[in-house]
Amino acid sequence: MKAVQEPGTLVKIRTMTTTDWNPLLRSEFDQPYWRNLQAFVAAERRQHTVYPPQDEVFAALHLTPYSQLKVVILGQDPYHGPGQAHGLAFSVRPKIQIPPSLRNIHQELHSDLGLTIPDHGSLAAWARQGVLLLNTSLTVRAGQAGSHSGKGWETFTDRVIDVAAARPEPLAFVLWGNHARRKRDRIDTNRHVVLESPHPSPFSARNGFFGSRPFSATNEALERLGCQPVDWSLVEPYGCTAGTH
């Protein structure tokens, strides 16, 4: 991303020139909504703690290049607890306590594929295999879930979804929860595979997330599409996490 300088502010938005998403999204950076959004986030950072850190906001697009994309998993907004969000939906850095939704993802991963439940919460290993872990809002005020929703991030991430869905190669889209499922209309289901279930949150996981077998279903879909399946195991101790590229 290019920096957006507003009067009286010092805004340093991490550049996207090192990712192949840049030419596909560059037109967004001149839009009025983008300038308003960056001014809003800058003001929030001056007055409040905002997650994730500034240099990790676009980590998902750095860690999963467009050219390697094969799966999109959609979340809603970043974790709002201290040290949790690092730019990948549902993921936390190693040594950070694993949030309940992610524990449920681990449990379903074990039930689905028999894989060992990891002792860390980093999903960077998935991202490096072409799994875009995208929240629809990319920042949040500490302790206030959804606080940056409706400020313009959805316009940007809808564009990311549109760019992904316009790829000539088919993809698998994994939509967990009602918020993500509303994005289905942006995806050509004649070309792409869409897998839907309730959210892994403790409030909804037992209403259909558990037992949905999203990991085996995704790999089966990828193989039908002629794509290499994802190695969903998370056995590497910590690996290379987002924000370090």
Side-chain angles (χ1 to χ4, degrees), residues 11 13-14 33-34 36-61 63 72-108 120-124 126-127 131-161 173-184 186 196-210 212 214 241-243:
V11 185
I13 302 299
R14 185 179 177 188
Y33 89 85
W34 180 260
N36 293 337
L37 169 62
Q38 298 309 316
F40 165 77
V41 174
E44 284 282 286
R45 289 195 186 277
R46 289 195 301 271
Q47 300 174 49
H48 308 280
T49 299
V50 171
Y51 300 125
Q54 197 162 270
D55 65 348
E56 295 178 341
V57 171
F58 306 105
L61 298 176
L63 209 52
V72 179
I73 296 179
L74 289 179
Q76 187 165 351
D77 63 349
Y79 294 125
H80 54 83
Q84 293 180 314
H86 69 132
L88 302 181
F90 298 106
S91 179
V92 295
R93 283 192 176 279
K95 301 184 181 179
I96 296 295
Q97 184 175 358
I98 299 173
S101 292
L102 182 52
R103 287 196 179 279
N104 289 339
I105 291 171
H106 285 171
Q107 183 176 333
E108 181 62 18
H120 64 89
S122 174
L123 304 180
W126 295 355
V131 180
L132 182 65
L133 297 163
L134 181 69
N135 282 314
T136 55
S137 182
L138 299 188
T139 57
V140 68
R141 186 188 297 181
Q144 297 188 30
S147 52
H148 287 189
S149 296
K151 304 299 183 181
W153 279 127
E154 292 86 352
T155 301
F156 176 71
T157 53
D158 277 356
R159 178 60 180 157
V160 174
I161 295 169
F173 287 83
V174 181
L175 311 181
W176 288 335
N178 291 333
H179 186 86
R181 294 166 92 167
R182 286 197 289 270
K183 305 300 181 181
R184 181 186 176 96
R186 310 192 76 87
E196 303 180 55
S197 78
H199 195 275
S201 161
F203 299 106
S204 56
R206 297 190 183 281
N207 294 327
F209 175 77
F210 288 141
S212 62
T241 56

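All residue numbers in this chain count up from 1 along the given sequence. Remember, predicted model here, so these are calculated numbers, not experimental data. What's counted below: heavy atoms across the whole structure, side chains too, no hydrogens, waters or symmetry copies.
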Asks: Do NZ/NE/NH1/NH2 and the carboxylate oxygens of Glu56 and Arg93 come within less than 4.0 Å?
Replies: yes
Asks: With respect to His199, which candidate in Phe209, Trp176, Phe90 satisfies the ring pair (Phe, Tyr, Trp, His ring centres under 6.0 Å) definition?
Replies: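 Only one option passes, and that is Phe90.
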Asks: Under the side chain to side chain contact (heavy atoms under 4.5 Å, CB included) rule, collect the residues that match up with Gln97, sequence neighbours excluded.
Replies: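 So Gln97 forms no side chain to side chain contact (heavy atoms under 4.5 Å, CB included) with any residue.
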Asks: Got Thr139 and Lys151 here, is their nearest side-chain heavy-atom distance under 4.5 Å?
Replies: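 Heavy-atom side-chain distance check fails, nothing below 4.5 Å.
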Asks: Do Pro198 and Arg181 come close enough that some side-chain heavy atom pair is under 4.5 Å?
Replies: yes
Asks: Indicate yes or no: at least one non-hydrogen side-chain atom of Gln84 is less than 4.5 angstrom from one of Pro99.
Replies: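 SC-SC contact between Gln84 and Pro99 confirmed.
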Asks: Atom CZ of residue position Phe203 - does it have more than 12 heavy atoms of other residues, nucleotides or ligands inside 6.0 Å?
Replies: no
Asks: Distance check, rounded to the nearest 0.5 Å: Trp34 atom CH2 versus Arg159 atom CZ?
Replies: 13.0 Å
Asks: For Ala142, what residues pass the side chain to side chain contact (heavy atoms under 4.5 Å, CB included) criterion, not counting sequence neighbours?
Replies: Thr49, Tyr51
Asks: Can you tell me how far the CD1 atom of Ile96 sits from the NE2 atom of His120, to the nearest 0.5 Å?
Replies: 13.5 Å
Asks: Would you call the rings of Phe58 and Trp153 parallel, tilted or perpendicular, taking 30° and 60° as the class edges?
Replies: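 The arrangement is perpendicular - the two ring planes meet at more than 60°.
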Asks: Return the OG to NE2 distance between Ser147 and His48, rounded to the nearest 0.5 Å.
Replies: 9.0 Å
Asks: Check whether any side-chain heavy atom of Thr155 sits under 4.5 Å from a side-chain heavy atom of Asp158, and report yes or no.
Replies: no
Asks: According to ring pair (Phe, Tyr, Trp, His ring centres under 6.0 Å), who are the partners of Phe40, at least two apart in sequence or on a separate chain?
Replies: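 With neighbours one apart ignored, the set is His148.
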Asks: Looking at Thr136 and Thr157, what are the two nearest heavy atoms and their distance?
Replies: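 Shortest heavy-atom contact: O-OG1, 2.7 Å.
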Asks: How close do Ala124 and Ser91 get, counting heavy atoms only, and between which atoms?
Replies: N-OG, 4.4 Å
Asks: Should Leu74 and Ile161 count as side-chain neighbours, where that means a heavy-atom distance under 4.5 Å?
Replies: yes
Asks: What do the steps show when you test Val131 against Leu123 for side-chain contact (heavy atoms from CB on, under 4.5 Å), and what is the final call?
Replies: CA-CA 9 Å; Val131 180; Leu123 304 180; over 6 Å; no
Asks: If I compare all heavy atoms of Ser101 with all of Pro202, which pair ends up nearest, and what's the gap?
Replies: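 Shortest heavy-atom separation between Ser101 and Pro202 comes out as OG-CD, 4.1 Å.
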Asks: On a heavy-atom basis, which atom in Asn135 and which in Ala89 lie closest, and how many Å separate them?
Replies: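 Taking Asn135 first and Ala89 second, the nearest heavy atoms are OD1-CB, 3.4 Å.
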Asks: Looking at Ala205 and Pro200, what are the two nearest heavy atoms and their distance?
Replies: CB-O, 3.6 Å
Asks: Nearest 0.5 angstrom please: Ser137 OG to Phe156 CZ, how far?
Replies: 12.0 Å
Asks: Are any of the side-chain heavy atoms of Leu102 and Tyr79 separated by less than 4.5 Å?
Replies: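 Side-chain contact under 4.5 Å: yes.
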Asks: How about Val57 and Pro52: do any of their side-chain heavy atoms sit closer than 4.5 Å?
Replies: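 Side chain of Val57 against side chain of Pro52, heavy atoms only: contact under 4.5 Å found.
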Asks: Atom CG in Asp77, atom CD in Gln144: separation rounded to 0.5 Å?
Replies: 11.5 Å
Asks: Using modelled atom types and a 3.5 Å cut-off, is there a donor and acceptor pairing between side-chain atoms of Glu154 and backbone atoms of Gly150?
Replies: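 Answer holds: yes.
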